[in-house]
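Data first, discussion second: the structure below is written as structure tokens.
Position 1 is the first residue of the sequence, and the numbers go up from there.
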Amino acid sequence: MERRMKRFGERAAAKVADITQLETDAVVNAANSSLMGGGGVDGAIHRAGGPAILAECKELRRAKYPDGLPVGEAVATTAGDLPARYVIHTVGPVWHGGEAGEPEKLRSCYRNALKTAAELGCKTVAFPAISTGVFGYPPDQAAAEASAAVSAFLAEDDTLELVLFALFNEKAYDTFVEHAAF
């Protein structure tokens with residue numbers, strides 16, 4: 001099956017893709033605060049990337065984040081066996097109805113991951129739909145927040161050549177494309 005792709009200007013795009021298979025400089029992991037892997041995208045990245053990712057995450061927990069990575073922050077590790085060079089881990093907000101600062105926290109995930117990618121000299125970075133799985137963020141609202149955050153970052157920073165939203169299925173792709181705020 002041909003995978004669809006939608007461009008949003010020259011430097012952003014969305015497509016149906018397995019983020020663990022993308023040959024980008026960095027892939028973003030929708031992590032949990034423990035950084036120890038889990039379900040969904042987090043588990044897939046840890047499984048496909050192998051033990052090197054977990055080893056670096058354990059060291060980050062020991063040295064810098066003993067209480068876990070805070071929501072909205074981002075930190076990079078090796079990509080291990082993934083085709084990417086780096087994994088940028090960020091913890092999205094759990095949805096509590098939208099009145100607990102979830103939109104700002106979600107935008108922070110994207111901003112801080114993009115900032116980390118730029119600091120690492122990355123030219124290409126791929127994002128999953130952060131917080132839309134077990135964290136329960138409504139995919140339509142997440143698409144609007146994510147795309148607005150990326151658009152604002154790209155308007156002020158010319159380091160990144162392509163920000164790709166890697167959506168795991170056609171439904172997620174359609175929702176993202178319909179609600180993206182580029």
Legend entry - Same apolar cluster: Val71 and Val75, side chain cutoff 4.5 Å: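 Yes, Val71 and Val75 fall within the same hydrophobic cluster.
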Can you measure from [atom1] ([X]) to [atom2] ([Y]) and round to the nearest 0.5 angstrom?
X	Y	atom1	atom2	result
Asp25	Glu161	CG	CD	8.5 Å
Lys15	Leu167	NZ	CG	11.5 Å
Phe165	Lys6	CZ	NZ	13.5 Å
Glu56	His89	CD	NE2	7.5 Å
His96	Tyr137	NE2	OH	11.5 Å
Arg85	Thr78	CZ	OG1	10.5 Å

Test side-chain contact (heavy atoms from CB on, under 4.5 Å) applied to [X] - qualifying residues, sequence neighbours left out:
X	answer
Asp157	Ala118, Phe153, Thr159
Ser33	Val91
Arg47	Ala44
Asp140	Pro138, Thr175, His179

Legend entry - Transitive ILVMFWY cluster of Tyr86, excluding itself - 4.5 Å side-chain cut-off: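 Other cluster members: Leu120.
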Inset, instruction - Quick one: name the residues clustered hydrophobically with Ile19, using the 4.5 Å side-chain heavy-atom rule over I, L, V, M, F, W, Y, and just say none if it's on its own. - result: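 Besides Ile19, the hydrophobic cluster comprises Leu22, Val27, Val41, Ile45, Ile53, Leu82, Val87, Leu164, listed by chain and residue number.
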What heavy-atom pair brings [X] and [Y] nearest, and what distance separates the two atoms?
X	Y	answer
Ala181	Ala144	CB-O, 3.9 Å
Pro93	Ser131	O-OG, 2.8 Å
Thr77	Cys57	CG2-SG, 4.1 Å
Pro139	Thr132	CA-CG2, 3.9 Å
Cys122	Leu160	O-CD2, 3.3 Å

List in chain and number order the residues that pass side chain to side chain donor-acceptor pair (under 3.5 Å) with [X], two or more places apart in sequence or in another chain; answer none if no residue qualifies.
X	answer
Asp174	Arg4
Thr20	Asp18
Asn32	Ser34, Asp42

Inset, instruction - Write out all pairs satisfying ring pair (Phe, Tyr, Trp, His ring centres under 6.0 Å) with one or both partners inside residues 107-126, taking only residues at least two apart or from two chains. - result: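 Residue pairs with at least one partner in residues 107-126: Tyr110-Phe127.
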Legend entry - Residue pairs fulfilling ring pair (Phe, Tyr, Trp, His ring centres under 6.0 Å) with at least one residue in residues 4-50, sequence neighbours excluded: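 Sorted result for residues 4-50: Phe8-Phe182.
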Legend entry - Pairs involving residues 99-109, ordered by first then second residue, that meet side chain to side chain donor-acceptor pair (under 3.5 Å) (sequence neighbours left out):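 Applying side chain to side chain donor-acceptor pair (under 3.5 Å) to every pair that reaches into residues 99-109, excluding sequence neighbours, yields Glu104-Arg107, Glu104-Ser108, Glu104-Arg111, Arg107-Glu145, Ser108-Arg111.
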Legend entry - More than 12 heavy atoms of other groups within 6.0 Å of Glu59 CD: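 Check passes, neighbour count above 12.
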Quick one, [X] and [Y] - any side-chain contact, counting heavy atoms below 4.5 Å?
X	Y	result
Met36	Lys58	yes
Val163	Arg11	no
Leu162	Arg7	yes
Asn112	Thr90	no

Legend entry - Side-chain donor or acceptor of Thr124 paired with backbone N/O of Thr24 under 3.5 Å: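 Absent.
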Legend entry - Ser147 side-chain N/O to Ala143 backbone N/O, donor-acceptor pair under 3.5 Å: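 Pair found, side chain donor or acceptor close to backbone of Ala143.
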